[in-house]
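Here the structure comes first, spelled out in structure tokens, and everything after it is commentary.
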Amino acid sequence: MANEQNLKRYGKEKPAPTSEEAKKAGSKGGKASAEARAEAKTTREIAKMLDSLAVTGKNKEVLEQLGVPDDDQTQQTVRLVALHKKAMTGDVAAIKLWLEITGEAPTAKVSVEVNDDTREAYEKAAAAIKGKKGKGS
């Protein structure tokens with residue numbers, strides 16, 4: 001989404017810049033971009049800031065009723081409590097996410113069965129790659 005007014009068009013009326021002019025313009029644009037990035041907070045930084053905000057109101061009451069210690073009463077804890085409640089209602093997506101967060105999600109296991117024909121084909125391919133003739137060719 002470029003601002004049309006900032007775009008410079010070259011053609012019959014306006015000759016293209018020299019390589020030196022293009023280099024200066026590129027440098028200027030790069031510096032401006034770096035400055036803008038430095039000033040803007042990333043989404044991750046904003047999320048971390050929001051996580052650090054104090055818990056108040058009903059959320060604080062809920063955490064206190066659950067017996068969550070004061071130093072653990074964070075916005076992140078509020079979200080985890082909400083996710084836990086949703087998982088407890090049987091929400092499959094919430095259960096899956098909860099298991100992933102707690103490190104208890106089942107892992108996929110892949111079983112590969114190799115028979116003699118497969119092994120022979122593999123050995124022929126490996127030999128061909130090495131520049132040798134494979135077994136049985």
Side-chain angles (χ1 to χ4, degrees):
M1 298 193 315
N3 184 340
E4 290 294 324
Q5 297 168 340
N6 292 337
L7 295 177
K8 295 182 180 179
R9 306 272 185 218
Y10 300 103
K12 293 178 184 175
E13 296 136 21
K14 192 173 193 178
T18 65
S19 62
E20 187 63 32
E21 291 170 333
K23 186 176 179 180
K24 284 182 183 177
S27 175
K28 184 179 173 184
K31 288 176 184 175
S33 175
E35 188 176 313
R37 277 194 311 269
E39 289 177 5
K41 287 192 173 191
T42 65
T43 302
R44 180 175 288 161
E45 290 170 329
I46 293 170
K48 286 181 180 181
M49 181 270 305
L50 290 172
D51 272 346
S52 69
L53 295 176
V55 178
T56 59
K58 283 190 175 185
N59 288 333
K60 184 160 184 69
E61 291 173 19
V62 168
L63 294 181
E64 286 174 352
Q65 287 173 357
L66 290 172
V68 176
D70 286 342
D71 57 333
D72 286 336
Q73 292 184 14
T74 64
Q75 297 295 330
Q76 185 177 24
T77 305
V78 171
R79 283 195 317 278
L80 288 171
V81 167
L83 176 63
H84 186 259
K85 284 182 180 179
K86 199 163 189 154
M88 295 303 289
T89 66
D91 184 309
V92 176
I95 293 168
K96 182 178 177 185
L97 181 55
W98 185 263
L99 292 173
E100 287 175 14
I101 290 170
T102 60
E104 296 181 25
T107 57
K109 291 184 181 180
V110 178
S111 177
V112 177
E113 203 172 302
V114 178
N115 59 31
D116 289 338
D117 292 336
T118 306
R119 182 167 305 284
E120 185 176 342
Y122 169 79
E123 288 171 0
K124 282 182 181 180
I129 291 170
K130 291 179 183 176
K132 300 175 185 174
K133 287 192 173 184
K135 194 162 78 174
S137 52

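The chain is numbered in sequence order, starting from 1.
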- Decide yes or no for Leu63 and Val78: does some side-chain heavy atom of the first lie under 4.5 Å from some side-chain heavy atom of the second?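 Leu63 reaches Val78 side chain to side chain.
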
Interatomic spacing from [atom1] in [X] to [atom2] in [Y] - rounded to 0.5 Å:
X: Lys58; Y: Glu61; atom1: NZ; atom2: CD; value: 8.0 Å
X: His84; Y: Ile101; atom1: NE2; atom2: CD1; value: 11.0 Å
X: Met49; Y: Ser52; atom1: CE; atom2: OG; value: 7.0 Å
X: Leu97; Y: Ile95; atom1: CG; atom2: CD1; value: 11.0 Å
X: Leu66; Y: Glu64; atom1: CG; atom2: CD; value: 10.5 Å
X: Thr74; Y: Leu80; atom1: OG1; atom2: CG; value: 7.5 Å

- Closest approach of Leu83 to Trp98 (non-hydrogen atoms, all atoms of both residues):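 For Leu83 versus Trp98, the nearest heavy atoms are CD2-CE3, 3.8 Å.
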
- Nearest heavy-atom pair of Gln76 and Asp51: which atoms, and what distance?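 Looking at all heavy atoms of both residues, the shortest contact is N-OD1, 3.9 Å.
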
- Message: Please evaluate residues Val68 and Lys60 with respect to the criterion side chain to side chain contact (heavy atoms under 4.5 Å, CB included), reporting the C-alpha separation (whole Å), side-chain torsions for both, the decisive distance (0.1 Å), and the verdict.
- Response: CA-CA 9 Å; Val68 176; Lys60 184 160 184 69; over 6 Å; no

- Query: For atom NZ of Lys86, is the number of surrounding heavy atoms from other residues, nucleotides or ligands below 6.0 Å larger than 12?
  - Reply: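 Counting neighbours around NZ of Lys86, 12 or fewer heavy atoms of other residues, nucleotides or ligands fall under 6.0 Å, so no.
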
- Should the heavy atoms of other residues, nucleotides or ligands under 6.0 Å from CE of Met88 be counted, would the total exceed 12?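 Check fails, neighbour count at 12 or below.
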
- Message: Tell me if a side-chain donor or acceptor on Thr77 pairs with a main-chain N or O of Gln73 at a distance below 3.5 Å.
- Response: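 No, Thr77 side chain to Gln73 backbone: no donor-acceptor pair under 3.5 Å.
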
